[in-house]
Protein chains: 2
Amino acid sequence: MPPRPTLGELELLVLLAVLRLEDQAYGVPIAQELLALAGRDVALGSIYAALDRLEQKGLVHSTLGDPTPERGGRAKRFFHITPAGLQSVRDTRAALTTLWSGIPSLEGEPG
Amino acid sequence: MPPRPTLGELELLVLLAVLRLEDQAYGVPIAQELLALAGRDVALGSIYAALDRLEQKGLVHSTLGDPTPERGGRAKRFFHITPAGLQSVRDTRAALTTLWSGIPSLEGEPG
DNA sequence: CATTTCTTCAACTATAAAGAAGAAATAGAT
DNA sequence: ATCTATTTCTTCTTTATAGTTGAAGAAATG
């Protein structure tokens, strides 16, 4: 069976973190971003699994960086979003925004 | 394994449709709402499965209505959101809104 | 060779999807 | 009246994807 055409819940979060981090998007900072901005504590294994799925779908692309001169500074796998990935985020955001617009019980909230 | 603490992708859509439909939230209209507003064509079986999960998590509550005097008018199962469900939608929306705010590549788009 | 940082692997459960089957009502025929 | 077909809505069955964690693996420095 083919992958699903829509973004999974975690896939969307990870894609947004990759977008935010620009040229510093790899495993650890992505996890930190989700924890800091969305309060979401996700194991690194889950992040990498989502990234692998996204790459197979052509929504992100990864390149291997150079090792950095610090203890444990092994090469990082950097991710960046593809045009299809950006479109996917836009479509998802548009659908959600439409769906949660004009709902009285959602108005006037903090955040 | 316990259910996941966060809303799945379809679960969020269904929860929003239930909110929108107010006192007319049952299987068929929910599917129509997702198709009309989000362009998302989901089989009824999938909708009911999501509703069952949401009810087990205490995010919606269902009541059996009266049969209506029309052909095929058997009793409907109406759903409405619980306080916990509303909070769940708010939290999810807040997290996503935070995450996709201030991203240059997402600005200036239609929708 | 111990330690640090980062990535991959393995096992398992939840979520999602679609189609088929089931239940409950009315309409129309006999 | 009751039998049968049709309509509407719900539940069941099956299969695959998505999400989760902990542990192991790889690559660097001290």
Side-chain angles (χ1 to χ4, degrees), chain A residues 1-15 17 21 24-35 38 40-57 59-60 62-79 88 92, chain B residues 1-15 17 21 24-35 38 40-57 59-60 62-79 88 92:
Chain A
M1 189 179 271
R4 305 214 173 107
T6 53
L7 288 176
E9 174 240 357
L10 179 63
E11 290 173 346
L12 174 59
L13 297 182
V14 167
L15 217 37
L21 289 165
Q24 285 304 312
Y26 69 97
V28 173
I30 292 173
Q32 291 173 340
E33 193 85 350
L34 294 188
L35 183 57
R40 185 76 180 280
D41 193 3
V42 187
L44 279 167
S46 306
I47 305 267
Y48 284 111
L51 285 167
D52 286 344
R53 288 195 303 272
L54 290 170
E55 185 157 37
Q56 281 187 328
K57 297 178 187 178
L59 305 182
V60 301
S62 72
T63 59
L64 210 56
D66 294 321
T68 55
E70 52 191 329
R71 185 155 190 167
R74 68 170 287 196
K76 302 170 175 65
R77 193 172 154 209
F78 290 105
F79 293 85
S88 189
T92 303
Chain B
M1 190 180 270
R4 305 213 171 105
T6 53
L7 290 176
E9 174 239 358
L10 179 63
E11 290 172 346
L12 173 59
L13 297 183
V14 167
L15 216 39
L21 289 165
Q24 285 304 313
Y26 67 97
V28 174
I30 292 173
Q32 290 172 341
E33 192 85 349
L34 294 188
L35 183 57
R40 186 76 181 281
D41 194 1
V42 187
L44 280 167
S46 307
I47 306 263
Y48 284 110
L51 286 167
D52 286 344
R53 287 194 303 274
L54 290 170
E55 186 157 36
Q56 282 188 328
K57 297 178 188 179
L59 305 182
V60 300
S62 72
T63 59
L64 211 57
D66 293 322
T68 55
E70 53 190 327
R71 185 157 191 165
R74 69 171 287 195
K76 302 170 176 66
R77 192 173 154 207
F78 290 105
F79 293 85
S88 188
T92 303

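Since we're looking at a predicted model, the values are computed, not measured. Reminder, nothing fancy here: chain letters follow the sequence lines and each chain counts from 1.
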Item to check | Nearest to side-chain heavy atoms of P3(B), which nucleotide of dA17(C), dT15(C), dC6(C) | outcome: dT15(C)
Checklist entry - Nearest to the side chain of L10(B), which nucleotide is it out of dA18(D), dA16(C), dC9(D)? => result dA16(C)
Nearest-Å distance, [atom1] ([X]) to [atom2] ([N])?
| X | N | atom1 | atom2 | result |
| --- | --- | --- | --- | --- |
| E9(B) | dA16(D) | CD | C1' | 15 Å |
| R40(A) | dT20(D) | CZ | C1' | 10 Å |
| R53(A) | dG19(D) | CZ | C1' | 6 Å |
| L13(B) | dT15(C) | CG | C1' | 13 Å |
| D41(A) | dT21(D) | CG | P | 8 Å |
| L7(A) | dA16(C) | CG | C1' | 15 Å |
| L35(B) | dA17(C) | CG | P | 14 Å |
| I47(A) | dT20(D) | CD1 | C1' | 11 Å |

Checklist entry - A49(B) near the nucleic acid: base, sugar-phosphate alone, or nothing, with a heavy-atom cut-off under 4.0 Å? => result nothing
Next on the checklist: Closest-nucleotide mapping onto DNA chain C: is R4(A) or L64(A) further toward the 5' terminus? I mean the 5' end.
Outcome noted: L64(A)
Item to check | Closest approach of L10(A) to S46(A) (non-hydrogen atoms, all atoms of both residues) | outcome: CD2-O, 3.9 Å
Item to check | Contact summary for L59(A) and L15(A), nearest pair of heavy atoms | outcome: O-CD1, 4.2 Å
Next on the checklist: Going by side chain to side chain contact (heavy atoms under 4.5 Å, CB included), name the residues that satisfy it together with A75(B), two or more places apart in sequence or in a different chain.
Outcome noted: L64(B), P67(B)
Checklist outcome for this item: Output for pair (I30(B) CD1, F79(B) CZ), nearest 0.5 Å, gives 6.5 Å
Next on the checklist: Nearest 0.5 angstrom please: E9(B) CD to L12(A) CG, how far?
Outcome noted: 9.0 Å
Item to check | Results of salt bridge (charged side-chain N to carboxylate O under 4.0 Å, His left out) for R53(B) - residues two or more places apart only | outcome: E11(B)
Item to check | Distance test, side-chain N/O of K57(A) to OP1/OP2 of dA18(D), below 4.0 Å | outcome: yes
Item to check | Residue pairs fulfilling side chain to side chain donor-acceptor pair (under 3.5 Å) with at least one residue in residues 24-33 of chain B, sequence neighbours excluded | outcome: R20(B)-E33(B)
Tabulated below should be each protein N or O lying under 3.5 Å from an N or O of nucleotides 11-14 of chain D; please produce it.
from: dT11(D); atom 1: OP2; to: R77(B); atom 2: NH1; distance (Å): 2.6

Checklist entry - Got V14(B) and V60(B) here, is their nearest side-chain heavy-atom distance under 4.5 Å? => result no
Item to check | Residue pairs passing the salt bridge (charged side-chain N to carboxylate O under 4.0 Å, His left out) test where at least one lies in residues 62-71 of chain A, sequence neighbours excluded | outcome: none
Next on the checklist: Protein within reach of the bases, or only the backbone? For nucleotides 25-30 of chain D, mark each nucleotide 5' to 3' as B, S or -, using heavy atoms under 4.0 Å.
Outcome noted: BBSBBS
Checklist outcome for this item: Per nearest nucleotide of DNA chain D, the residue lying toward the 5' end, V42(A) or F78(B), is F78(B)
